[in-house]
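Below is one structure, written out as C-alpha cells; comments come after it.
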Protein chains: 2
Amino acid sequence: MTSTTPALLPIAGDACCSGAADAGALAEPEAQALARRLKALADPTRLRLLSIIAAHEGAEACVCDLTEPVGLSQPTVSHHLKQLVDAGLLSRDKRGVWAYYALRPGALDDVAHALVAGVAPR
Amino acid sequence: MTSTTPALLPIAGDACCSGAADAGALAEPEAQALARRLKALADPTRLRLLSIIAAHEGAEACVCDLTEPVGLSQPTVSHHLKQLVDAGLLSRDKRGVWAYYALRPGALDDVAHALVAGVAPR
DNA sequence: ACGATTCATCGACAGACATCGATACGAGGG
DNA sequence: CCCTCGTATCGATGTCTGTCGATGAATCGT
C-alpha cells in the first residue's frame, strides 16, 4: 500500500508555488511526519501516561509507577512508552535498575503548533 | 470566544481514590474523548484533506475536488471525510448534487489547546 | 556468587482500520 | 420518463495495533 509514491512529490519543501490547485497544502512527507506524531498521541492510554508522568513528582516516573494507574501489564506499558519516546515526546533516562521517563519540554506545544500551522497556514 | 469547551466530564465515582499519585491527571473519559479527536487527525490522508480544503477557493471543497489530489478512490475519500465530520472538524453542506466540506472554525485550535492543557495542566 | 527486582523484547492473538469494487440513492437534463 | 453524474453506503480483504504471557538482559543487595 502506497509503497510506490505514484505521483511525484516536491519533497524539497519549497514553501510557495507547489504547483497544483492545492497550493500551500501539506505535502505527503510533511503529512506523514505529523501524522506519525499524532498517532502516538491518539490513544487514551498514552495520553494518560503522559499526563501521569507530567503530574508526577519531579515530572518523571518509572515503569513501575505507571502500570498500576493505567491498569495494564508491564510489557504493554513499556510498549506504549517506547512509542512515545520514538515520537520524541518522552525522554528516557536509565538510572540503575529503574528507567525514568519525562516529558520532553516543548514537544507537545510543537505538535500542537505544527497541527494548527500545518493545516491552516493562514 | 472560540467556545473552547474542554468537555470536562464530572468523574462520577472515584470514591476509592486509591491514593494514586496521579492526582490531576487525565481521567479515562477525557482521555478517550481527546484520543478520539486525535485519531481522526492521525492519518496523513486526512491531514492532507483538511489542508487542501483549507487552501481551496472559499475554504470549501466537494468530494470530486479531493479525490485527485490525494490519489485515492471516491469511496475512500468519502469515508475519510465522514470521519472528520464525525470528529467535529469539518462541516458538510449539500447543495444540489454536490457536497461541500469546510473546516469548522476553531475546531483545530480546540484540539490543540485540549492536548496541551489536558496533558500538562500546570 | 546468588537471588531478587526492574525493564525490554518476542511470539501470538483479537480487534480496529484503510482501501477497494460494486451498488444504491438523489438531483438535473434530455 | 429515462439517463447521467456526484455521493454515500455495503461487503470483502489485507494490514496495522493493542494486549497479554513468557523469556532474556542488566543491576543491586546480601
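Labels below follow one simple rule: chain letters A, B, ... track the order of the sequence lines, proteins then strands, and each chain is numbered from 1.
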If only side-chain N and O atoms of [X] are considered, is one of them under 4.0 Å from the OP1 or OP2 phosphate oxygen of [N]?
X     : N      : result
B/H80 : C/dT19 : yes
A/H79 : D/dT19 : no
A/S78 : C/dA8  : yes
A/S73 : D/dC20 : yes
A/T76 : D/dC20 : yes

Given that A/K39 and A/K82 both sit by DNA chain C, which one's nearest nucleotide is further toward the 5' end?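 Counting from the 5' end, the first nearest nucleotide belongs to A/K82.
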
Side-chain heavy-atom pair B/H113, B/D109 within 4.5 angstrom cut-off: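 A side-chain contact under 4.5 Å is absent here.
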
Spell out, as yes or no, whether a donor-acceptor pair under 3.5 Å connects the side chain of [X] to the backbone of [Y].
X     : Y      : answer
A/S91 : A/R104 : no
A/R37 : A/A87  : no
A/R46 : A/K39  : yes

Each residue besides A/V116 in its hydrophobic cluster should be listed here, by chain and number; the cluster joins Ile, Leu, Val, Met, Phe, Trp and Tyr at side-chain heavy-atom distances under 4.5 Å.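 Same cluster as A/V116: nobody, lone residue.
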
Spacing between [X] atom [atom1] and [N] atom [atom2], to the nearest angstrom:
X      : N      : atom1 : atom2 : answer
B/Y100 : D/dA8  : OH    : P     : 13 Å
A/L41  : D/dT17 : CG    : P     : 14 Å
B/W98  : D/dC5  : CH2   : C1'   : 8 Å
B/D65  : D/dC5  : CG    : P     : 17 Å
B/L38  : D/dT17 : CG    : P     : 16 Å
A/R48  : D/dG18 : CZ    : C1'   : 16 Å
A/E68  : C/dT6  : CD    : C1'   : 17 Å

How do B/C62 and A/A42 order along DNA chain D: which one's closest nucleotide is nearer the 5' end?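 In this pair, the answer is B/C62.
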
Taking only the side-chain heavy atoms of [X] (C-beta and beyond), determine which of [options] contains the nearest atom.
X      : options               : answer
B/Y101 : D/dA8, C/dT19, C/dC7  : D/dA8
B/Q74  : D/dC20, D/dT7, C/dA18 : D/dT7
A/D43  : D/dG21, D/dG18, D/dT7 : D/dG18
A/L72  : C/dC7, D/dT19, C/dG26 : D/dT19

State, to 0.1 Å, how close A/V119 and A/P121 come at their nearest heavy-atom pair, and which atoms those are.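 Looking at all heavy atoms of both residues, the shortest contact is O-CD, 3.2 Å.
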
Do A/V85 and A/W98 belong to the same hydrophobic cluster, where Ile, Leu, Val, Met, Phe, Trp and Tyr are linked whenever their side-chain heavy atoms lie under 4.5 Å apart, directly or via other members?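 The answer is no; the residues belong to distinct hydrophobic clusters.
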
Of all of residues 83-96 of chain A, which get a heavy atom below 4.0 angstrom from DNA chain C, listed by number?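 The stretch gives A/R92 as the residues lying under 4.0 Å from the strand, ordered by number.
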
B/R95 charged N/C atom sitting above B/Y100 aromatic ring, 6.0 Å / 45°: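 Positive - B/R95 is close enough to the ring of B/Y100 and near enough to its axis.
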
